[in-house]
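FYI, side chains are in, hydrogens and waters are out, and symmetry mates aren't considered; it's all heavy atoms of this structure. In this text, all values refer to a predicted model and were calculated from it rather than measured experimentally.
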Amino acid sequence: MASSKLSPCLIFLQIIFLVFVFNSANAQLKVGFYKDTCPKAEAIVKEVMDQVMKVAPSLSGPLLRMHFHDCFVRGCEGSVLLNSSTGQAEKDSPPNLSLRGYQVIDRVKTALEKECPGVVSCADILAIVARDVTVATIGPFWEVETGRRDGRVSTFSEPLTNLPPFFANISQLISMFRSKGLSVKDLVVLSGGHTIGTSHCSSFSSRLYNSTGKDGTDPTLDSEYIEKLKNKCKVGDQTTLVEMDPGSVRTFDNSYYTLVAKRRGLFQSDAALLDNSETKAYVKLQSAATHRSTFFKDFGVSMINMGRVEVLTGKAGEIRNVCSKVN
């Protein structure tokens with residue numbers, strides 16, 4: 001007959017397990033994480049961002065995308081901000097060369113360090129800034145969960161395999177989002193972030209000059225739009241910037257979906273949203289919507305979902321003193 005008493009070893013293991021579960025449960029992200037340790041944190045971020053947006057509103061798109069680029073590589077842990085003396089960090093990788101606004105993150109961090117030294121992570125700054133630039137462009141507000149810690153590793157190669165490329169098809173996009181624990185709806189909703197910001201011609205020029213349609217054009221791209229883009233982007237143009245959502249480049253709204261529905265999405269990855277029944281239905285829903293429909297609410301939810309990707313919490317990682325280098 002088996003003994004009814006638990007061995008000391010088993011009891012010890014159970015205690016360790018319970019401690020682990022307790023610590024894990026208390027180390028998760030939450031709204032108001034800095035309520036006691038740095039109560040003015042979000043107000044400080046907003047104050048700095050209000051100043052920045054007054055003089056450099058064009059940084060709204062890049063700063064929103066910076067959070068996305070961070071979360072898709074190693075999770076939302078600020079690795080995109082790290083410098084490398086040999087040019088081998090994430091920010092040096094081709095998919096990240098178009099990111100701008102690192103100095104803004106540094107400015108926010110300096111203000112926070114003055115108020116609460118060593119408390120607020122750079123990863124959380126990215127998340128809060130992404131929300132604040134969205135609001136600054138007349139977009140939605142959502143409560144940002146905080147409590148992330150900063151990673152210590154940043155490599156050149158990982159953005160190449162983790163960030164969805166602008167030429168991705170719908171199967172690749174869905175696969176890459178699912179690998180991060182994000183849904184098909186998150187994919188089509190977060191794509192709506194292309195309503196603000198610009199892109200270099202080189203990111204979509206293959207659709208104008210090196211595709212399968214007439215004169216090398218992309219048959220999935222509206223012909224009139226092709227001519228307008230060709231007038232701006234000549235063969236080999238690496239410098240010209242084009243609005244991703246013409247006429248709405250500094251206003252966060254649902255007009256992106258109207259463009260995609262009319263086959264005027266700038267990137268192949270935009271056009272790909274019409275190649276799946278679920279993403280196509282959402283594009284059609286938003287393109288037909290009056291005012292903002294459900295997009296604003298959906299965007300906030302999906303940003304929260306993305307902000308939870310592979311985060312470091314508790315005692316993992318560190319709180320960097322300077323966002324561009326490990327302590």
Using the rule given for side chain to side chain donor-acceptor pair (under 3.5 Å), can you reason through T155 versus E158, listing the C-alpha separation, both sets of side-chain angles and the distance that settles it, and then say yes or no? CA-CA 6 Å; T155 61; E158 289 185 304; 2.9 Å; yes
Check the pair W142, F296 against side chain to side chain contact (heavy atoms under 4.5 Å, CB included), reporting the backbone distance first and the verdict last. CA-CA 9 Å; W142 62 92; F296 274 31; over 6 Å; no
Does the pair V260 and S287 meet the rule for a side chain to side chain contact (heavy atoms under 4.5 Å, CB included), with working shown? CA-CA 8 Å; V260 173; S287 65; over 6 Å; no
Does the pair N327 and N321 meet the rule for a side chain to side chain contact (heavy atoms under 4.5 Å, CB included), with working shown? CA-CA 6 Å; N327 293 345; N321 298 321; 3.5 Å; yes
Would you sort out whether T195 and D253 count as a side chain to side chain donor-acceptor pair (under 3.5 Å), showing the intermediate values? CA-CA 7 Å; T195 185; D253 54 29; 3.0 Å; yes
How far apart are the C-alpha atoms of L29 and R148, what are their side-chain angles, what is the distance that settles it, and do they pass the side chain to side chain contact (heavy atoms under 4.5 Å, CB included) test? CA-CA 7 Å; L29 303 182; R148 300 168 190 81; 3.6 Å; yes
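Residues S269 and L173 approach most closely at O-CD1, 3.7 Å, considering heavy atoms. Minimum interatomic distance between G147 and Y34 (heavy atoms only, all atoms of both residues): N-OH, 4.4 Å. Shown here for E143 and R131, the closest heavy-atom pair between the two residues is CA-NH1, 4.2 Å. Residues F299 and P140 approach most closely at CD2-CG, 4.2 Å, considering heavy atoms. Closest of all the heavy-atom pairs between V120 and A41 is CG2-CB, 4.1 Å. Pairing each heavy atom of Q172 with each of A168, the nearest pair is OE1-CA, 3.2 Å.
Note that OG of S223 and CG of D215 are 11.5 Å apart. Values are rounded to the nearest 0.5 Å. Between the CD atom of E310 and the CZ atom of R74 there is a distance of 9.5 Å, given to the nearest 0.5 Å. Atom CG in L190 sits 10.0 Å away from atom CG in D298 (nearest 0.5 Å). Rounded to the nearest 0.5 angstrom, N83 CG and S324 OG are separated by 4.5 Å. Going from atom OG1 of T134 over to atom CD1 of I196 covers 5.5 Å, rounded to the nearest 0.5 Å. The NZ atom of K284 sits 10.5 Å away from atom OG1 of T258, with the distance rounded to the nearest 0.5 Å.
D186 contributes no side-chain N or O that, together with a main-chain N or O of L182, makes up a donor-acceptor pair within less than 3.5 Å. Looking at D124, its side chain never comes within 3.5 Å of a backbone N or O of T146 through a donor-acceptor pair. The backbone N or O of G213 lies less than 3.5 Å from no partner atom in the side chain of S211, so there is not a single donor-acceptor pair. Distance alone, capped at 3.5 Å, is enough to place a donor-acceptor pair between the E243 side chain and the G247 backbone. A distance-only check finds no donor-acceptor pair linking the side chain of S248 to the backbone of D245 [under 3.5 Å]. Side chain of S93 to backbone of N96: no donor-acceptor contact under 3.5 angstrom is found. Checked by atom type and distance alone, the side chain of T279 pairs as donor or acceptor with a backbone atom of L273 at under 3.5 Å. The closest donor-acceptor contact from the side chain of Q286 to the backbone of V283 lies at 3.5 Å or more, if one exists at all.
Residues F156 and L163 do not share a hydrophobic cluster, clusters being chains of Ile/Leu/Val/Met/Phe/Trp/Tyr side chains in contact below 4.5 Å. Cluster annotation: Y225 is connected to F166 through the hydrophobic network of ILVMFWY side chains, with a link wherever side-chain heavy atoms come within less than 4.5 Å. By the criterion of side-chain heavy atoms lying less than 4.5 angstrom apart, applied directly or through intervening Ile, Leu, Val, Met, Phe, Trp or Tyr residues, V301 is not grouped with V189; the two fall into different hydrophobic clusters. In the hydrophobic clustering of ILVMFWY residues, with side-chain heavy atoms under 4.5 Å counting as a link, L259 and L187 come out apart. Note on L82 and M66: separate hydrophobic clusters, where clusters join Ile, Leu, Val, Met, Phe, Trp and Tyr whose side-chain heavy atoms are under 4.5 Å apart, directly or indirectly.
Other residues sharing the hydrophobic cluster of F141, ordered by chain and number and joined by side-chain separations under 4.5 Å: V135. Residue I319 belongs to no hydrophobic cluster, having no ILVMFWY side-chain heavy atom closer than 4.5 Å to its own. Grouping Ile, Leu, Val, Met, Phe, Trp and Tyr by side-chain contacts under 4.5 Å, direct or through others, leaves L97 on its own.
When side chains are defined from C-beta on, H69 does not count as touching K91, because their heavy atoms never get closer than 4.5 Å. Within the 4.5 Å cutoff, no side-chain heavy atoms of T217 are placed close to those of L208. Considering only heavy atoms from C-beta on, M176 comes within 4.5 Å of P165 through its side chain. Between R149 and T313 the shortest side-chain heavy-atom distance does not fall below 4.5 Å. At least one side-chain heavy atom of L126 sits under 4.5 Å from a side-chain heavy atom of L81. The shortest side-chain heavy-atom distance between I125 and L112 falls under the 4.5 Å cut-off. Between V184 and R178, the closest side-chain pair of non-hydrogen atoms falls below 4.5 Å. The shortest distance between side-chain heavy atoms of M244 and V249 does not fall below 4.5 Å.
With salt bridges taken as basic N to acidic carboxylate O contacts below 4.0 Å, none links K46 and D132. Using a 4.0 Å cut-off between a side-chain N of Lys or Arg and a carboxylate O of Asp or Glu, E278 and K185 do not qualify as a salt bridge.
When each of D270, L229, L266 is checked for a side-chain contact (heavy atoms from CB on, under 4.5 Å) with L221, only L229 meets the rule.
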With a cut-off of 3.5 Å and sequence neighbours excluded, list every side-chain donor-acceptor pair involving residues 197-206.
none

Donor-acceptor contacts under 3.5 Å from residues 53-65 side chains, at least two apart:
{"unit_1": "S60", "atom_1": "OG", "unit_2": "P57", "atom_2": "O", "d": "3.0"}

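Residue pairs meeting the ring-ring contact (aromatic ring centres under 6.0 Å, His included) criterion with at least one partner in residues 258-285, sequence neighbours excluded, are H194-F267, Y257-Y282. The list of salt bridge (Lys or Arg N to Asp or Glu O under 4.0 Å) pairs with a residue in residues 221-237, not counting sequence neighbours, reads D222-R264, E224-R264. Sorted by first and then second residue, the salt bridge (Lys or Arg N to Asp or Glu O under 4.0 Å) pairs with a member in residues 77-86 form an empty list; sequence neighbours excluded. Residue pairs satisfying the salt bridge (Lys or Arg N to Asp or Glu O under 4.0 Å) criterion with at least one member in residues 317-327, sequence neighbours excluded, are listed as follows: R152-E318. Residue pairs meeting the ring-ring contact (aromatic ring centres under 6.0 Å, His included) criterion with at least one member in residues 39-68, sequence neighbours excluded, are F68-F72. Residue pairs meeting the salt bridge (Lys or Arg N to Asp or Glu O under 4.0 Å) criterion with at least one member in residues 95-116, sequence neighbours excluded: K109-E113.
For S277, the side-chain contact (heavy atoms from CB on, under 4.5 Å) test picks out no residue, with sequence neighbours left out.
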